[in-house]
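Down below is the structure, laid out as structure tokens.
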Amino acid sequence: MLSSRFLSPLPLLLIALLLSACEPPAPDPTVRLAGSTMGTSYDLKLVPTPGQTVAADFKTRVEAMLAGINRQMSTYDPNSELSRFNRNPSTDWIAVSPELLQVVAEGLRTSELSNGAFDITVGPLVNLWGFGPEPRREQVPTDEAIVQTRERVGYWRLQAREQPPALKKERADLYVDLSALAKGYGVDQLAALVETTGIMNYLVSIGGEIRARGHNGQGQPWTIAIEKPVPGQRAVERLIRFGDRSVSTSGDYRNFFEQNGQRYSHVINPRTGRPVLQTLASVTVISDRSMVADATATALMVAGPEQGFQLASEHHLAAFFMLIKPDGFQERYTPEFEPYLAPEQP
Ligand code: ADP
Ligand code: MG
């Protein structure tokens, strides 16, 4: 499993709206494939054009591909390529697969973009707070443990080289955690696999990471909902409509524990060594690639309502923030996000 545990196997924050409820005049050709991966669920909606078919073994190919990604990038699999890299005490260049390098390089790029709010070396802190592969602790660590663990964290302590693909740790105990962008990477790979079959109308997702192309089974643009960030409830805040894009939502109410009335989420601020403060209910990002949307949504979540919004504006990102206010929630979004808001809102 790549991601941390989720409270539900279904993506809670972004739900693909099944427009089939509106009685289509023609039979809906959508083929749906779903299953479990990376600690959550994957879902493919494929819309073949007349004459196109989905091969009987396509689901097997999907699962083989997802299993392959886990074998490369999961920190939940002690024998994955990433886990072996993490255990490797060498501070010389360590050869890695081009795929692992690509995801690490994107992680490092997101660190630079977010001035370190996003950091794939944050794993030891994630584990310390009990959100990693080890059994859940549900207890706030001591200040001393946090300070000590922070010593091991810092993306500048990790170097990536493309030719030949290799990574280099500055400290033997550096530990890389790709959970904040590997689901997005998986979604991009799923989309590429679908396209090899010639199907160009689809929506694929892993957890809350979604990528769509073309139109749905009724010939309409794909529409998804940004949910109201209220645990245990599934009300729609906004509808977004998009084609040929990826969308990701980072929200800290899906995976957390509570102690003394304080909520601690699985997204850690590398600067403080503590879970991000609850000033943002969620951040939704739309981008060409799912890996980028996934990483960026988490990065903006950590950066927070002020700095995060500034980053999104400066870099012309399509981002939608749900701020927590004493009397409820407040929306704030960049001009780049606006075209995706569906005209008919709930
Ligand atoms: P969300 O959708 O809530 O942003 P993700 O699943 O994308 O969550 O990423 C959260 C996971 O990423 C955590 O479970 C942890 O393993 C890792 N993580 C936590 N904090 C950071 C951070 N600051 N930078 C990068 N990865 C992080
Ligand atoms: Mg993410």
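Side chains are part of it too, since the values below use all heavy atoms of this structure and drop only hydrogens, waters and symmetry mates. First listed ligand is number 1; within each ligand, the first listed atom is number 1.
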Quick one: which ligand 1 atoms are inside 4.0 Å of a heavy atom on Thr298?
1 (P), 4 (O), 5 (P), 7 (O), 9 (O)
Hey, which atoms in ligand 1 end up nearer than 4.0 Å to a heavy atom of Asp294?
7 (O)
Of Met38, His266, Lys183, which has the heavy atom at the shortest distance from atom 3 (O) of ligand 1?
His266
Which atoms of ligand 1 sit under 4.0 Å from any heavy atom of Thr249?
2 (O)
Can you confirm if the aromatic rings of Trp222 and Phe242 lie within a centre distance of less than 6.0 Å?
no
Thinking salt bridges, do Arg245 and Asp288 make one under a 4.0 Å N-O criterion?
yes
Thinking salt bridges, do Asp43 and Lys45 make one under a 4.0 Å N-O criterion?
yes
Between the Mg ion (ligand 2) and Leu181, is there an N, O or S atom separated by less than 2.8 Å?
no
Note: Arg289-Glu106 ion pair, threshold 4.0 Å (strictly below)
yes
Near the Mg ion (ligand 2), is there an N/O/S atom from Glu209 that is less than 2.8 Å away?
no
When only distance counts, is Pro270 in polar contact with ligand 1, meaning an N/O pair under 3.5 Å?
no
One thing to verify: whether Lys183 and Asp188 come together as a salt bridge, which I'm taking to mean a side-chain N less than 4.0 angstrom from a carboxylate O.
no
Looking at Thr223 and Ile240, would you say the former's side chain and the latter's main chain have a donor-acceptor pair under 3.5 Å?
no
How wide is the angle at the Mg ion (ligand 2) between OD1 in Asp294 and O in Ala180, to the nearest 10°?
70°
Mode of Ala299 contact toward ligand 1 - side chain, backbone, both, neither (heavy atoms, under 4.0 Å)
neither
Are Asp77 and Arg71 within salt-bridge range, i.e. N to O under 4.0 Å?
no
Number the atoms of ligand 1 from 1 as they appear, then name those within less than 4.0 Å of a heavy atom of Gly251, with their elements.
3 (O)
Straight-line distance of Leu277 CG to Ile324 CD1, nearest 0.5 Å
10.5 Å
Using distance alone, determine whether Glu209 and ligand 1 share an N or O pair under 3.5 Å.
no
Would you say Glu99 and Tyr185 are linked by a side-chain donor-acceptor pair, where the criterion is simply a distance under 3.5 Å?
no
Examine the proximity of ligand 1 to Met301 and report which part, side chain or backbone, both or neither, has a heavy atom under 4.0 Å away.
neither
Residue of the set Val283, Leu181, Val285 for which side-chain contact (heavy atoms from CB on, under 4.5 Å) holds with Thr296
Val285
Taking backbone and side chain together, does Thr298 place any N/O/S atom at a distance below 2.8 Å from the Mg ion (ligand 2)?
yes
Is the shortest distance from a Lys or Arg side-chain nitrogen in Asp327 or Lys325 to a carboxylate oxygen in the other one below 4.0 Å?
no
Polar-atom distance check: Asn269 versus ligand 1, any N or O pair below 3.5 Å?
no
I'd like to check which ligand 1 atoms, numbered from 1 as shown, lie under 4.0 Å from a non-hydrogen atom of Asp177.
15 (C), 16 (O), 17 (C)
Enumerate the atoms of ligand 1 whose separation from the nearest heavy atom of Asp119 is less than 4.0 angstrom.
22 (C), 24 (N), 25 (C), 26 (N)
Val302: numbered ligand 1 atoms lying under 4.0 Å from its heavy atoms
23 (N)
Any nitrogen or oxygen of Phe118, side chain or backbone, less than 3.5 Å from one on ligand 1?
no
Measuring from non-hydrogen atoms of Ala117 to any atom of ligand 1, is the shortest distance under 4.0 Å?
yes
Quick one: does any side-chain atom of Thr249 pair with a main-chain N or O of Thr284 as donor and acceptor, under 3.5 Å?
no
